[in-house]
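The structure appears right after this line, and notes come after that.
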Amino acid sequence: MNVFHTADPMRAWSEAQRAAGKTIGFTPTMGALHAGHESLMRAAAAQNDVSVLSIYVNPTQFAPHEDFNQYPRTLDADSALAARVGVNAIYAPADAAMYPPGYATYVDVERITQRLCGGSRPHFFRGVATVVAKLFNAVRPHRAYFGQKDAQQAAVIRRMTRDLDLGIEIVEMPIVREPDGLAMSSRNKYLSPGERQRALCLSRGLALARDLLNAGERDPQTIIDTVRNAMNGVDIDYIELVDAEAIVPLDRVRGTVLLAVAARVGETRLIDNIKFTAPDDEE
Ligand code: PAF
């Protein structure tokens, strides 16, 4: 397994792969890998000639009061999993390599970053877009893999990739859930057994909403109210139904919509979502 800690040797390795005619699949992560990440890495390995994993807990996407210091760092276990699923190279840069003194350049994706997680964490998408642009420049992938659990993040990366002509295919993979429905997240590690139980109301609320949507309900407020009623016992940050690409609210469910929730369970902030596509003949 090749492990790189700075951009130049990472890029040189990727350029050599490209020169040999190989396609590169890339999974950007902050480590603390779980089955959700595993599905991304497996897809990257299966759909490309070589696959790269990055592990970097990015300080610019955390506000000072958030869990940057506490975020789980499990490099040995992550490297072992990466080797098992066919990753060829790990890019694990240090802060000094990513944001050296004098660093001054950020990527701001407008509009679609205003609501949902962008509303409650105003710093977040600027940090994500900036670090992903830097990672893309170091890894030079043909395809990059993101999870639907962070559906707004995937939409932001798609927008950035199109707007900046990066020429990378963004692949969004389905949410991986625990058997009881809880969406896999590195932050699930923070939950006590009681909190873990309470956290199930996010996926249960979304499952009720999916039933309503499948049964033909098209009023966003009715759907949101159903999820809100199911999410008792947690501190709701937002429940929003938006157009899945533009991330703007709708007066009626049409096209592909994203129903996204965020809530604090104890000290832990969790997110989850479903997507739903209304049949074409409803347009
Ligand atoms: O989803 C994540 O783990 C992070 O936001 C990402 C995309 C690796 C950027 O730091």
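All ligand and atom numbering here is 1-based and tracks the order in the structure. Remember, predicted model here, so these are calculated numbers, not experimental data. Just the heavy atoms: all of them, side chains too, but no hydrogens, waters or symmetry mates, feed the values below.
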**Message:** Does either side chain, that of Thr60 or that of Tyr99, offer a donor lying less than 3.5 Å from an acceptor on the other one?
**Reply:**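 Distance-only check passes for Thr60 and Tyr99.
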
**Prompt:** For Tyr145 and Gln47, does a side-chain donor sit closer than 3.5 Å to a side-chain acceptor?
**Reply:**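 Note: Tyr145 and Gln47 side chains meet the donor-acceptor criterion.
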
**Residue part near ligand 1, for Thr29, under 4.0 Å between non-hydrogen atoms** =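 The backbone, only.
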
**Message:** Please list, in number order, the atoms of ligand 1 under 4.0 Å from a heavy atom of Val131.
**Reply:**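 Counting from 1, the qualifying ligand atoms are 9 (C), 10 (O).
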
**Item:** Per-atom contacts, ligand 1 versus Pro28 - under 4.0 Å to a heavy atom
**Value:**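 Ligand 1 atoms under the 4.0 Å threshold to Pro28: 8 (C).
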
**Request:** Go through the steps to decide whether Arg252 and Glu282 satisfy the test salt bridge (Lys or Arg N to Asp or Glu O under 4.0 Å), and finish with yes or no.
**Result:** CA-CA 11 Å; Arg252 189 172 166 74; Glu282 286 186 12; 5.4 Å; no

**Message:** Just to confirm my output: which protein heavy-atom neighbour is closest to atom 10 (O) of ligand 1, and how far is it?
**Reply:**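 It is Gln61 OE1, 2.6 Å.
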
**Asked** Under 3.5 Å between some N or O of ligand 1 and some N or O of Gln153?
**Response**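 N/O-N/O distance under 3.5 Å: yes.
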
**Item:** Any Arg187 side-chain heavy atom under 4.5 Å of Arg269 side chain
**Value:**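 No; the side chains remain at least 4.5 Å from each other.
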
In a table with atom names and distances, give each donor-acceptor pair under 3.5 Å that connects a side chain of residues 80-93 to protein atoms at least two apart or in another chain.
{"from": "Asn88", "atom 1": "OD1", "to": "Ser51", "atom 2": "N", "distance (Å)": "2.8"}
{"from": "Tyr91", "atom 1": "OH", "to": "Ala7", "atom 2": "N", "distance (Å)": "3.3"}

